[in-house]
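So the structure is just underneath, and the comments pick up after that.
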Amino acid sequence: VQLVESGGGFVQTGRSLRLSCVLSGDNFEDYLVGWFRQAPGKGREEVSSFSPSDDSTYYAESAKGRFTITANHAKATVYLQMNNLKPDDTAVYYCAAAYGAPAGIMTMAPPSEYMYWGHGTQVTVSS
């Protein structure tokens with residue numbers, strides 16, 4: 001399985017970005033897909049996840065109300081729409097996939113449970 005992220009960039013506070021994650025090499029429907037981020041000097045932080053089995057979603061507190069995760073099943077792509085960005089959102093954003101797509105996700109699996117990772121895309125928000 002390969003994951004390729006895109007869509008990062010440099011924006012001002014309050015602007016938006018949409019990240020994309022394309023999954024290839026296996027059946028998209030079989031994988032839970034999550035977005036994580038890592039700021040300089042900090043650990044990897046959960047952001048949001050998506051289960052293709054029922055399109056259920058999960059958001060970390062930092063993402064609720066501002067970020068939206070969606071997917072295009074035909075394109076095997078998961079999107080993370082990020083609105084009203086803040087300087088604290090500055091980080092490298094990683095897409096990850098875990099085999100098994102449970103329905104009704106209500107929590108986010110920890111990074112250790114995701115077998116496949118993309119290389120990340122940088123998001124920088126200026127104040």
Side-chain angles (χ1 to χ4, degrees):
V1 172
Q2 294 81 42
L3 300 169
V4 178
E5 305 101 330
S6 62
F10 184 97
V11 296
Q12 293 181 325
T13 296
R15 303 301 293 268
S16 300
L17 283 173
R18 188 178 78 157
L19 306 183
S20 299
C21 171
V22 180
L23 187 153
S24 62
D26 206 347
N27 185 11
F28 173 74
E29 306 300 324
D30 290 336
Y31 289 87
L32 175 69
V33 177
W35 284 99
F36 294 83
R37 66 186 184 185
Q38 188 163 15
K42 295 186 178 181
R44 197 158 289 188
E45 176 190 15
E46 64 182 24
V47 177
S48 183
S49 58
F50 177 88
S51 180
S53 64
D54 64 348
D55 287 6
S56 59
T57 60
Y58 170 84
Y59 297 95
E61 284 299 319
S62 61
K64 287 181 180 178
R66 298 188 300 127
F67 295 2
T68 303
I69 191 169
T70 58
N72 183 319
H73 292 253
K75 294 183 177 181
T77 300
V78 175
Y79 304 98
L80 185 69
Q81 177 69 41
M82 305 187 296
N83 297 330
N84 190 22
L85 284 162
K86 305 174 182 178
D88 284 349
D89 295 317
T90 295
V92 178
Y93 283 71
Y94 296 92
C95 173
Y99 187 76
I105 56 174
M106 298 180 67
T107 60
M108 190 153 178
S112 59
E113 294 194 14
Y114 289 80
M115 293 173 288
Y116 305 100
W117 291 81
H119 291 296
T121 185
Q122 177 71 47
V123 171
T124 303
V125 184
S126 66
S127 57

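Numbers here simply count residues along the sequence, with the first being 1. Keep in mind that the numbers below use all heavy atoms, side chains included, and drop hydrogens, waters and symmetry copies.
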What are the two closest non-hydrogen atoms of [X] and [Y], and how far apart are they?
{"X": "Y114", "Y": "A98", "value": "CD2-N, 3.7 Å"}
{"X": "S56", "Y": "G104", "value": "OG-N, 3.3 Å"}
{"X": "S51", "Y": "A103", "value": "OG-N, 4.4 Å"}

Report yes or no: does [X] contribute a side-chain atom to a donor-acceptor pair with the main-chain N or O of [Y] at less than 3.5 Å?
{"X": "E5", "Y": "H119", "value": "yes"}
{"X": "S53", "Y": "A101", "value": "yes"}
{"X": "T13", "Y": "K86", "value": "no"}
{"X": "T121", "Y": "G8", "value": "yes"}
{"X": "N72", "Y": "K75", "value": "yes"}
{"X": "S48", "Y": "W35", "value": "no"}

Is there side-chain contact between [X] and [Y], with heavy atoms separated by less than 4.5 Å?
{"X": "V123", "Y": "L19", "result": "yes"}
{"X": "V78", "Y": "I69", "result": "yes"}
{"X": "V33", "Y": "C95", "result": "yes"}
{"X": "Q81", "Y": "F67", "result": "no"}
{"X": "S62", "Y": "E45", "result": "yes"}
{"X": "Y99", "Y": "Y31", "result": "yes"}
{"X": "V1", "Y": "L23", "result": "yes"}

Can R37 and Y93 be counted as having a side-chain donor-acceptor contact under 3.5 angstrom?
->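 The criterion, which ignores hydrogens and geometry beyond distance, is satisfied for Y93 and R37.
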[atom1] of [X] to [atom2] of [Y]: how many Å apart, nearest 0.5 Å?
{"X": "R15", "Y": "L17", "atom1": "CZ", "atom2": "CG", "result": "9.5 Å"}
{"X": "L3", "Y": "C21", "atom1": "CG", "atom2": "SG", "result": "4.5 Å"}
{"X": "M115", "Y": "E113", "atom1": "CE", "atom2": "CD", "result": "10.0 Å"}
{"X": "D55", "Y": "T57", "atom1": "CG", "atom2": "OG1", "result": "9.0 Å"}

Shared ILVMFWY cluster between F28 and L32, side chains joined below 4.5 angstrom?
->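 Hydrophobic grouping puts F28 apart from L32.
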Do you reckon L85 sits in the same ILVMFWY cluster as V92, going by side-chain contacts under 4.5 Å, direct or chained?
->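 No; V92 is not reachable from L85 via cluster members.
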Would Y59 and T68 count as a side chain to side chain contact (heavy atoms under 4.5 Å, CB included) if you check the C-alpha gap in whole Å, the side-chain angles of each, and the deciding distance to 0.1 Å?
-> CA-CA 8 Å; Y59 297 95; T68 303; 3.8 Å; yes
Residues forming a ring pair (Phe, Tyr, Trp, His ring centres under 6.0 Å) with Y58, sequence neighbours excluded |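 Checked Y58 against ring pair (Phe, Tyr, Trp, His ring centres under 6.0 Å); zero matches.
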Among N83, D89, N84, which one satisfies side chain to side chain donor-acceptor pair (under 3.5 Å) with R66?
->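 Option passing the side chain to side chain donor-acceptor pair (under 3.5 Å) with R66: D89.
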Hydrophobic clusters join Ile, Leu, Val, Met, Phe, Trp and Tyr when side-chain heavy atoms are under 4.5 Å apart, directly or via other members; which others share one with M106?
->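 Noted: M106 shares its cluster with no other residue.
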Each residue besides V4 in its hydrophobic cluster should be listed here, by chain and number; the cluster joins Ile, Leu, Val, Met, Phe, Trp and Tyr at side-chain heavy-atom distances under 4.5 Å.
->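 Members alongside V4: none; it stands by itself.
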Step-by-step side chain to side chain contact (heavy atoms under 4.5 Å, CB included) determination, I105 to S49 = CA-CA 8 Å; I105 56 174; S49 58; 3.5 Å; yes
Compute the ring centroids of W117 and F36, then answer whether they are less than 6.0 Å apart.
->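 Between W117 and F36, the centre distance is under 6.0 Å.
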